[in-house]
**Student:** 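Following this message is one structure expressed as structure tokens.
Sequential numbering from 1 along the given sequence is applied to the chain's residues.
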Amino acid sequence: MSNTLPDLPYAYDALEPFISKQIMELHHKKHHQTYVNALNAAEQAYAKASTPKERIALQAALKFNGGGHINHSLFWKNLAPSASEGRGNGGQLRDGPLKEAIVKTFGSLDNLKKEFNATTAAIQGSGWGWLGWNQSTKVLEITTTANQDPLLTHVPIIGVDIWEHAFYLQYLNVKADYLNAIWNVINFDEAEKRFLEAQSGAKL
């Protein structure tokens, strides 16, 4: 079964002024679509491979493009039109289990943002910043992955793309401005849903 590009749950301009329509169109229709196409090609080639050497040679393409598809599919759901702009629920952390866990671990949402932004901004080159649930310690933790590597050590609760294609047309090379802005469109309702599923042992 081939992989397909998921529809966005909002319009391309719905995250403005924090993420521009131009970025969203390019990011979704061009970059994510490229990962989907390349993943399908790699999977087809793997199915036809007749030797271990041929299958091993395809591992990098499967990991890179498969990770790109997984990460972006989560990323779109992790965003929502901003409450501060009167457009939706983006940026609003309501009282509930996720807020309680964030306060317990980080002291406050502001502390989480500062630590997350500092950790994610420090990524060398391209990658992703994550708020993840550690299934072993039962604690929320901030971590990163390089390139398009999916998060395998934790259950992903919130993921932020720090590849330049995610922000450069609007924020140029100032990662800090992009990271500060994106919290205005983080879908904490979706994050809490993932958090509750993670606690129930669901595989995400």
**Student:** State, with a plain yes or no, whether a side-chain heavy atom of H69 is found less than 4.5 Å away from one of P6.
**Tutor:**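 A side-chain contact under 4.5 Å exists here.
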**Student:** Under 3.5 Å, side chain of E141 to main-chain N/O of N134, donor-acceptor pair present?
**Tutor:**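 Flag not set: sc E141 to bb N134 has no pair under 3.5 Å.
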**Student:** Quick one: does Q170's side chain have a donor or acceptor within less than 3.5 Å of a partner on P17's backbone?
**Tutor:**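 Yes, Q170 side chain to P17 backbone: donor-acceptor pair under 3.5 Å.
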**Student:** Could you tell me whether the side chains of H32 and W76 share a donor-acceptor contact shorter than 3.5 Å?
**Tutor:**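 A donor-acceptor contact under 3.5 Å links the two side chains.
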**Student:** Kindly compute the distance separating CG (N111) from OG1 (T105), expressed to the nearest 0.5 Å.
**Tutor:**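 Reported value, rounded in 0.5 Å steps: 11.5 Å.
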**Student:** Hey, any chance L26 and Y10 share a hydrophobic cluster, counting ILVMFWY side chains that come within less than 4.5 Å of each other, even indirectly?
**Tutor:**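 Yes.
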**Student:** Go through the steps to decide whether L112 and I142 satisfy the test side chain to side chain contact (heavy atoms under 4.5 Å, CB included), and finish with yes or no.
**Tutor:** CA-CA 9 Å; L112 164 63; I142 294 167; 3.8 Å; yes
**Student:** For a quick test of reading the model, state the closest non-hydrogen atom pair linking A61 to A42 and the distance between them.
**Tutor:**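 Shortest heavy-atom separation between A61 and A42 comes out as CB-CB, 4.1 Å.
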**Student:** Counting only heavy atoms not in K138, do more than 12 sit closer than 6.0 Å to its NZ atom?
**Tutor:**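 It does: K138 NZ has more than 12 such atoms within range.
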**Student:** Write down the atom of I102, the atom of L93, and the distance for their closest heavy-atom approach.
**Tutor:**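 Where I102 meets L93 most closely, the heavy atoms are CD1-CD2, 3.9 Å.
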**Student:** Is the NZ atom of K77 crowded by more than 12 outside heavy atoms at less than 6.0 Å?
**Tutor:**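 Counting neighbours around NZ of K77, 12 or fewer heavy atoms of other residues, nucleotides or ligands fall under 6.0 Å, so no.
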**Student:** Hey, does Q148 have a side-chain heavy atom less than 4.5 Å from the side chain of N65?
**Tutor:**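 N65 vs Q148: side chains apart.
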**Student:** Rounded to the nearest 0.5 Å, what separates atom NZ in K175 from atom OG1 in T120?
**Tutor:**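 Result: 9.5 Å between the selected atoms.
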**Student:** So, the side chain of N147 versus the backbone of D149: is there a donor-acceptor pair under 3.5 Å, distance only?
**Tutor:**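 Not a single qualifying donor-acceptor pair exists.
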**Student:** Hydrophobic clusters here meaning ILVMFWY residues chained together by side-chain heavy-atom distances under 4.5 Å, can you tell me if L169 and Y171 are in one?
**Tutor:**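 Looking at the clustering, Y171 is in the same group as L169.
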**Student:** Using every non-hydrogen atom in the two residues, find where M24 and I19 come nearest and quote the distance to one decimal.
**Tutor:**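 The pair with the smallest heavy-atom distance is SD-CG2, 3.6 Å.
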**Student:** Please tell me whether I162 and I157 are part of a single hydrophobic cluster in this structure, the criterion being side-chain heavy atoms less than 4.5 Å apart.
**Tutor:**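 Hydrophobic grouping puts I162 with I157.
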**Student:** Going by side chain to side chain donor-acceptor pair (under 3.5 Å), Y12 matches just one of H28, E25, Q22. Which one?
**Tutor:**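 Running side chain to side chain donor-acceptor pair (under 3.5 Å) over H28, E25, Q22 with Y12 returns exactly one hit, H28.
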**Student:** Verify side chain to side chain donor-acceptor pair (under 3.5 Å) between Q44 and N40, making sure each step is shown before the conclusion.
**Tutor:** CA-CA 6 Å; Q44 290 170 8; N40 287 335; 5.9 Å; no
**Student:** Starting from the C-alpha separation in whole Å, work towards a yes-or-no answer on side chain to side chain contact (heavy atoms under 4.5 Å, CB included) for F64 and Y35.
**Tutor:** CA-CA 8 Å; F64 181 79; Y35 297 128; 3.6 Å; yes
**Student:** Taking the side chain as C-beta and beyond, is there a heavy-atom pair between R194 and P156 under 4.5 Å?
**Tutor:**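 Side-chain contact under 4.5 Å: yes.
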**Student:** Does any non-hydrogen side-chain atom of V103 lie less than 4.5 Å from one of E100?
**Tutor:**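 No. Closest side-chain heavy atoms not under 4.5 Å.
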**Student:** Applying a strict under-4.5 Å side-chain criterion to I, L, V, M, F, W and Y, I'd like to know whether L79 and L109 cluster together.
**Tutor:**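 In one cluster with L79: L109, yes.
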**Student:** Could you pull out the closest heavy-atom pair between L179 and V160, with the gap in Å?
**Tutor:**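 In terms of heavy atoms, the two residues are closest at CD2-CG1, 4.0 Å.
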**Student:** Under a 4.5 Å cut-off applied to non-hydrogen side-chain atoms, are F188 and E192 in contact?
**Tutor:**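 No, side chains not in contact.
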**Student:** How are the rings of H72 and H165 set to each other: parallel, tilted or perpendicular (split at 30° and 60°)?
**Tutor:**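 Ring orientation of H72 relative to H165: tilted.
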**Student:** So how far is it from L15 CG to L8 CG, rounded to the nearest 0.5 Å?
**Tutor:**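 Spacing of CG (L15) from CG (L8) equals 8.0 Å.
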**Student:** Checking E54 side chain against S50 main chain: does a donor-acceptor pair fall under 3.5 Å?
**Tutor:**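 Yes, E54 side chain to S50 backbone: donor-acceptor pair under 3.5 Å.
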**Student:** F75 vs H27 aromatic rings, parallel, tilted or perpendicular, using cut-offs 30° and 60°?
**Tutor:**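 Answer is tilted, since the angle falls between 30° and 60°.
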**Student:** Where is the tightest heavy-atom contact between S84 and N184, given as atom of each residue plus distance?
**Tutor:**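 Closest approach of S84 to N184, heavy atoms only: OG-OD1, 4.2 Å.
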**Student:** Side chains of L140 and F106: closer than 4.5 Å at any heavy-atom pair?
**Tutor:**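 In short, these two side chains touch, coming nearer than 4.5 Å.
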**Student:** If you round to the nearest 0.5 Å, how far is CG of L131 from CD1 of I186?
**Tutor:**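 Taking CD1 in I186 and CG in L131, the distance rounds to 10.0 Å.
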**Student:** List the atom of F18, the atom of V185, and the distance in Å for their closest heavy-atom pair.
**Tutor:**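 In terms of heavy atoms, the two residues are closest at CD1-CG1, 3.9 Å.
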**Student:** In Å, rounded to the nearest 0.5 Å, how long is the span from OG1 of T143 to CZ of F116?
**Tutor:**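 Spacing of OG1 (T143) from CZ (F116) equals 10.0 Å.
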**Student:** Tell me, with the steps shown, if N187 and N78 meet side chain to side chain contact (heavy atoms under 4.5 Å, CB included).
**Tutor:** CA-CA 5 Å; N187 187 343; N78 261 173; 5.6 Å; no
**Student:** As an exercise, state the distance from OH of Y178 to CG of N173, rounded to the nearest 0.5 Å.
**Tutor:**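 Reported to 0.5 Å precision, the distance equals 14.5 Å.
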**Student:** What's the verdict on side chain to side chain contact (heavy atoms under 4.5 Å, CB included) for N71 and D161, showing C-alpha distance, side-chain angles and the deciding distance?
**Tutor:** CA-CA 8 Å; N71 292 347; D161 189 349; over 6 Å; no
**Student:** When you group the ILVMFWY residues by side-chain heavy-atom contacts below 4.5 Å and let the links chain together, are L151 and I182 in the same group?
**Tutor:**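 Yes.
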**Student:** Does K21 offer a backbone N or O that forms a donor-acceptor pair with the side chain of D13 under 3.5 Å?
**Tutor:**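 Side chain of D13 to backbone of K21: no pair is present.
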**Student:** Any idea how W130 and W128 line up, ring-wise: parallel (<30°), tilted (30 to 60°), or perpendicular (>60°)?
**Tutor:**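 Aromatic pair W130/W128 classed parallel.
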